[in-house]
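Report on the structure given below.
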Number of protein chains: 2
Amino acid sequence: MNPTMENCGFATALKAIEGKWKVDILCELGRAARRFGRLRRSIPAVSEKMLAQQLRELEADGLVDRTVHAGQPAKVVYSLTERGAALNVAAAALCRWGEAAERTADRSSAVAPDAVVA
Amino acid sequence: MNPTMENCGFATALKAIEGKWKVDILCELGRAARRFGRLRRSIPAVSEKMLAQQLRELEADGLVDRTVHAGQPAKVVYSLTERGAALNVAAAALCRWGEAAERTADRSSAVAPDAVVA
DNA sequence: GTAAACACTTACCCAGGCGTAACCACTTAC
DNA sequence: GTAAGTGGTTACGCCTGGGTAAGTGTTTAC
């Protein structure tokens, strides 16, 4: 995007992930393929509109597969593509960083653990 | 943030990175420590306001160190903290994913390479 | 005396990302 | 007949993240 980023695929990755619910969706689909309603219940805070929208974007980016099983009523299954799965794997390193960051933040936090309890 | 993300540090990492210029700044500081003006020139599209703001946020998140060298005029040097450097390392995997994604996108693009030329 | 570099801050504005709520079409169950 | 589950779409509105422009205070150079 910017000249400094020309040689860095990170911006591409970030663009695919940005969107308030995409990480949640990717996480959830990383566990198993899911239908729309199940996804919605797995991420209670998301609205149907946003879930549909983010899924469509993820599909357009080739991260998520959308498979319609005909029937009455029709059922739609979402799953990770290879690319989406690869993204999840690549994200694992950042995930670990985040967890480590949370732990050190806990330790250096302004509020001591007992202060929270007391 | 959401129940599904409780066990995933990725949200933490993402929160630290989100902000239009933070990746650029982190990238640039990953090469070497930089002064404000130099950073600004390295990322031409960023405004002074945004650069200052994002640097302050990165500093608050413990990713960037801000060192003031007294003198006339005072000089301020920004550098990555250990944590910031670790983030850069962790991001490398996603970076590679992004580059791979760009390549496959080129191949599977709707417009053939010759079509662009012709 | 004025411009430019140093490193910012402040005030104001706008677009778009996100949220709420309603609507769609079909089927099963009460 | 009405609600609930299947999987969405559409209209509308707000809020915040980011952009523009200008101001701040000191020093050096022309």
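A quick note: this is a predicted structure, and the numbers were derived from the prediction, not measured. The basis for the numbers below is simple: all heavy atoms, side chains too, and nothing from hydrogens, waters or symmetry mates. Below, read A as the first sequence line, B as the second, and so on, with proteins coming before strands; counting in each chain starts at 1.
- Partner assigned to C/dC12 is D/dG19, using Watson-Crick or G-U wobble distances below 3.5 angstrom.
- Taking the side chain as every heavy atom from C-beta outward, A/Lys22 and A/Glu57 approach each other to under 4.5 Å.
- The closest donor-acceptor contact from the side chain of B/Asp24 to the backbone of B/Ile43 lies at 3.5 Å or more, if one exists at all.
- Summary of the strand contacts: A/Pro73 and A/Arg56 both lie near DNA chain D, and taking for each the nucleotide with the nearest heavy atom, the more 5' one is attributed to A/Pro73.
- In this structure, the side chains of B/Leu94 and A/Leu14 stay at 4.5 Å or more apart for every pair of heavy atoms.
- Atom CZ of B/Arg41 and atom C1' of C/dA7 are 12 Å apart (whole Å).
- The pair A/Glu18-A/Lys15 does not count as a salt bridge, with every side-chain nitrogen at least 4.0 angstrom from each carboxylate oxygen.
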Scan the side chains in residues 58-70 of chain B for donor-acceptor partners under 3.5 Å anywhere in the protein, sequence neighbours excluded, and list what turns up.
unit_1, atom_1, unit_2, atom_2, d
B/Arg66, NH1, B/Tyr78, OH, 3.2

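- Atom P of nucleotide C/dA21 and atom CD of A/Glu48 are separated by 13 Å, given to the nearest angstrom.
- At a threshold of 4.0 angstrom between heavy atoms, the contacts of B/Arg38 with the nucleic acid are absent.
- For the pair B/Thr104/A/Arg83, a side-chain contact is recorded, criterion being any heavy-atom separation below 4.5 Å from C-beta on.
- We find that CZ of A/Arg40 is positioned 12 Å from C1' of C/dT20, with the value rounded to whole Å.
- Rounded to whole Å, the distance from CZ on A/Phe36 to C1' on C/dC24 is 14 Å.
- At whole-Å resolution of the value, CG in B/Leu51 and P in C/dC6 are 13 Å apart.
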Q) Run the side-chain contact (heavy atoms from CB on, under 4.5 Å) check on B/Glu28 and B/Leu39 step by step: do they pass? A) CA-CA 7 Å; B/Glu28 193 60 26; B/Leu39 261 180; 3.7 Å; yes
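- Atom CG of B/Leu55 is separated from atom C1' of C/dT9 by 14 Å (rounded to the nearest Å).
- At a threshold of 4.0 angstrom between heavy atoms, the contacts of B/Arg35 are confined to the sugar-phosphate backbone, with no base atom among them.
- We find that CD of A/Glu59 is positioned 9 Å from P of D/dG8, with the value rounded to whole Å.
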Close N/O contacts between protein and nucleotides 12-18 of chain D (under 3.5 Å):
unit_1, atom_1, unit_2, atom_2, d
D/dG18, OP1, B/Lys20, N, 3.0

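- Between the NZ atom of B/Lys75 and the P atom of D/dT26 there is a distance of 18 Å, given to the nearest Å.
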